[in-house]
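Each residue takes its place number in the sequence, starting with 1. Every heavy atom of this structure was used, including side-chain atoms; hydrogens, water molecules and symmetry mates were not.
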Amino acid sequence: MARILAATTSPSGCFDTRPFRSQTPNSKNFKIVSHFSPLNYFFSTRKTHSSALLVPNFRVIKTSRARKRRIKGGKNFLNRPAIGASLTTQPDSDTQETPRQPSAPYSVKIPVGNRHILVETGHMGRQASGTVTVTDGETVNYQERFSAAGRTSGGFFKREGRTKDHEVLICRLIDRPLRPTMIQGFYHETQILSWVLSYDGLHPPDSLAVTAAGIAVALSEVPNSKAIAGVRIGLIGDKFIVNPTTKEMEDSKLDLLLAGTDSAILMIEGYCDFLPEEKLLQAVEVGQDAVRAICKEMDALVKKCGKPKMLDAIKLPPPDLYKHVEEIAGDELVEALQIKNKIPRRKALSSLEAKVLSILTEKGFVSQMEAVAPTETVTDLVDDEEEDEEVVVDGEVDEGDVHIKPVPRKPIPLLFSEVDVKLVFKEVSSKFLRKRIVEGGKRSDGRTFDELRPINSRCGLLPRAHGSALFTRGETQSLAVVTLGDKQMAQRLDNLVDEDEFKRFYLQYSFPPSCVGEVGRAGAPSRREIGHGMLAERALEPVLPSEDDFPYTIRVESTITESNGSSSMASVCGGCLALQDAGVPLKCSIAGIAMGMVLDTKEFGGDGTPLILSDITGSEDASGDMDFKVAGNDDGITAFQMDIKVGGITLPVMKQALMQAREGRKHILAEMSKCYPSPSKRLSKYAPLIHVIKVKPDKINLIIGSGGKKVKSIIEETGVESIETQDDGIVKITAKDLLSLEKSKAIISNLTMVPTVGDIYRNCEIKSIAPYGVFVEISPGREGLCHISELSTNWLAKAEDVFKVGDRVDVKLIEINEKGQLRLSHRALLPDPNPEKQNTKQRTGNLVKEGTISQKAPEKGKQKNASSGSKDATSIENAEPTEEKSPTIELTSPSKSNPAEAHALTEDKFVKKLVIPAKDGPATNKDRPKKSNNKSAINISNKSESAVVNGEAKIG
């Protein structure tokens, strides 16, 4: 169950306290903030207050106050993910506030998809302007609190602290559809707070948070145009699902979150797996029908429980100010908007704005029509003190004791508020820009409505990076860098679910102030940076290889070095090229494009059809009516995001934008294919090496060891960076070089191999001695018993008489009992003290058959080394070849042996009897120099501490 609480509060009185220095391009001043965020940061001397309310069952609901002030654009949304919303305005001390009576509790059920959501008001937060609780399943509200799922934070601080990235993303989802519905001229600061108070892990709370915020605003005194609602749409098979559960989303090809009113779409955002445009439009239509049904029920709720709107609090600039700004700026504004380059155009507009401000706020403005108007006369009364010296001047009228003198009247200069002037100047600039596009068919940089800016790109510009690319489109440029690593580099997510979540691919977007030629704060990522990074990340995710095919953690950094619109889509293009340069085997290339719109073309002499713009710049984004980002390839879409700045758009307009965006993507992909230097498409020599081994799951503990001692010792001994083990038997070794990787691989192979009867293990260390025999380590951590009767061909009273701990011997596996214990024999590898020629040949044949000796004498004096029969077995016997001679087989003897055994058979005779001619078996080598057993043991230990000769040592 998911429940959403939203609350709104506004003052009873209507008043205007607009700060003179505030800048407001529009009349909306609306914020969605976290409950702990200080709002006095935003250009106002008034403090922001918040009140906390303890509700039954210890669910804490936060309501906040909205302050009266005016901020640039009214668009400083600070959003805390929440399903509760609160909008409150604190009146001045001299303003009388009528006590508000709490509304009676009321609830209504609204059908959404195949379920109902319960909307309740009047139960909680009754001091707020509007409070609503929305319930679906067992999930309640937003900010995410771990107590909602019966957990605490996994970090050091157990109290919920800094807003997490996915909470910021949900804040943006609440923020964007509410913004266009706020009435222009309302300058009271508005705040919405939400919390997840109960979460069942099944019903996602984000779409409910959007709906709850919309209902809270609709119930409050805050004036808005229409109520909004939000839904999520999934696609399972060919069926669209409204508000699917988390389990259903696992099989969905689409993740679409849509918000709008009963008549229009305000915001869409989502990700899909190369979904065609036609299918996406069908999903949007399903979502719009669901939103329309919710809004219909919301209207009935607002009529019954809503509060009167603060319409008298709306303050608009004087209507005459628009004419005055156009009269002052006029031709200069038209010329400034025609400058193609961003920086010179911005300087020209700033200079012109300063001129307009100086006239309208300091010097005073006199209209040209008033200046040329006929002079009016006013009477100048003059008293005559001396009647005898009365003189009548020409032009004066003798009225007895009073003379009337005509004086011309000067026009009174008009002065306006700086806030109003800046607001109107921006609106006039936007109007002139839109007029130029519609009437002239040309944009500021001279392009047509569907033309893209010049594109160029290059790869490999950072030699030490694993992959890099510089993507430039017009005056927008992204430097993308890829870093590859193991799981330790994966991003850990702290969520409400008990399971730990790790991201093996993440894209981090950075927008430094220098990219727009400004000086600003450099620190933690902003909400915008988090949102743009996630959009680019989800756009590239469908083309990545699976973890089985490419076991690396992938990090992409996109730093915007220049910006003039559509930097997030530049990150998609640059990130794709950088991934290819890093050698990541992508399924295909991905490109992104941003679309704009001029909705009302009739105003500028058009036919009324909306005009869609491709590859918009920053000014077209600010002055236009839409920002629609679409990423994908030639066949389909992988990510999309649309924000509307007007009352909404319809499906036909969205279809036109999608089709035009597809043509733009094709052009960008063609330009990306011309990248020079092109992507290397191979792993960098500086990238780590990752080797994956599959062993039996019950062997994992042998690798880890007690308390992780064994795996740590392997890392220290071999010099690898990390060894990662999984419960399913997957072992990943990460190393900087091939040598250390091979060493660790050999150790792990020996630890996890499956012994087979008949296998021979050479140079094995005696670990301990018992009265009945010795225990020999055939591989690290794996020991077997060599009974005293199997130690020698002669009778031994005590094993200590011949062997001691630390000696190395060759043994043969002769038995594995039911308990998995190994029985070894050293005697089986010793020669018969009284051999005969026939017996020797027969024994040699048996050894060859068992796999003890497997050699061939190659033609022209070449040879092959003896190796194990299994692919995973470690090669051991590396006999050194000599010219025109075949290798001999050396049997390693113990460091201490019985002297009678040692001299029973000379080495020359043993070699002659053991080796068979080339045609019938191994070739003889009489003249081969004798090798010491110690040297042979050292060569073997370079690859592994012990090894298998000819027997199949199976791994896992």
* By salt bridge (charged side-chain N to carboxylate O under 4.0 Å, His left out) - contacts of K732 (at least two apart) -> E547
* For K503, all residues meeting salt bridge (charged side-chain N to carboxylate O under 4.0 Å, His left out), sequence neighbours excluded -> E537
To the nearest 0.5 Å, how far apart are [atom1] in [X] and [atom2] in [Y]?
X: R555; Y: L484; atom1: CZ; atom2: CG; answer: 12.0 Å
X: D486; Y: R504; atom1: CG; atom2: CZ; answer: 12.5 Å
X: I715; Y: E721; atom1: CD1; atom2: CD; answer: 10.0 Å
X: D251; Y: K253; atom1: CG; atom2: NZ; answer: 10.5 Å
X: C786; Y: F803; atom1: SG; atom2: CZ; answer: 7.5 Å
X: E777; Y: K767; atom1: CD; atom2: NZ; answer: 4.5 Å

* To do: Flag yes if more than 12 heavy atoms outside D728 fall under 6.0 Å of its CG atom; otherwise flag no.
  => yes
* For the pair V774 and L791, evaluate side chain to side chain contact (heavy atoms under 4.5 Å, CB included) and give the outcome as yes or no after the intermediate values. => CA-CA 9 Å; V774 299; L791 285 174; 3.7 Å; yes
Which residues share a side-chain hydrogen bond (donor to acceptor under 3.5 Å, both in side chains) with [X], sequence neighbours left out:
X: Q821; value: N817
X: E800; value: none
X: T553; value: none
X: D255; value: R232

* Could you give me the CA-CA distance, side-chain angles and deciding distance for Y761 and S779, then say whether side chain to side chain contact (heavy atoms under 4.5 Å, CB included) is met? => CA-CA 9 Å; Y761 304 92; S779 66; over 6 Å; no
Quick check: does any side chain N or O of [X] sit under 3.5 Å from a backbone N or O of [Y], one acting as donor and the other as acceptor?
X: H826; Y: V811; answer: no
X: S680; Y: D581; answer: yes
X: E167; Y: K164; answer: yes
X: T756; Y: D759; answer: no
X: S744; Y: S740; answer: yes
X: D206; Y: I170; answer: no
X: E717; Y: I714; answer: no
X: S468; Y: A465; answer: no
X: N750; Y: I747; answer: no
X: K745; Y: H691; answer: no

Got [X] and [Y] here, is their nearest side-chain heavy-atom distance under 4.5 Å?
X: E815; Y: S825; value: no
X: T734; Y: L689; value: no
X: K710; Y: L751; value: yes
X: E765; Y: F775; value: no
X: T246; Y: E248; value: no
X: V776; Y: L822; value: no
X: V556; Y: L579; value: yes
X: T725; Y: I730; value: no

Using every non-hydrogen atom in the two residues, find where [X] and [Y] come nearest and quote the distance to one decimal.
X: I690; Y: G485; value: CD1-O, 3.9 Å
X: I788; Y: P771; value: CD1-O, 4.2 Å
X: G820; Y: R782; value: O-NH2, 3.8 Å
X: I590; Y: C576; value: N-SG, 3.4 Å
X: M753; Y: P755; value: O-CD, 3.5 Å
X: L544; Y: I554; value: CD2-CD1, 4.3 Å

* To do: Answer yes when D810 and R762 have at least one side-chain N-carboxylate O distance shorter than 4.0 Å, and no when they do not.
  => yes
In chain order, what residues pass the side chain to side chain contact (heavy atoms under 4.5 Å, CB included) check against [X], with sequence neighbours excluded?
X: E250; result: none
X: A539; result: V572, A631, T638, A639
X: S789; result: H787
X: L169; result: I530, M534

* F550: ring-ring contact (aromatic ring centres under 6.0 Å, His included) partners, not counting sequence neighbours -> Y552
* Within 45° cone and under 6.0 Å: K487 NZ/CZ vs F502 ring -> yes
* To do: Might you work through the side chain to side chain donor-acceptor pair (under 3.5 Å) test for Q580 and S589, ending with a clear yes or no?
  => CA-CA 9 Å; Q580 293 175 338; S589 295; 3.0 Å; yes
* Stepwise side chain to side chain contact (heavy atoms under 4.5 Å, CB included) test for L235 and L275 -> CA-CA 10 Å; L235 176 60; L275 204 66; 3.8 Å; yes
* To do: Kindly state each residue pair satisfying salt bridge (Lys or Arg N to Asp or Glu O under 4.0 Å) with at least one member in residues 790-799, sequence neighbours excluded.
  => E790-R823, E790-R827
* To do: Walk me through it: do V731 and I748 pass the test side chain to side chain contact (heavy atoms under 4.5 Å, CB included)?
  => CA-CA 9 Å; V731 180; I748 292 174; 4.1 Å; yes
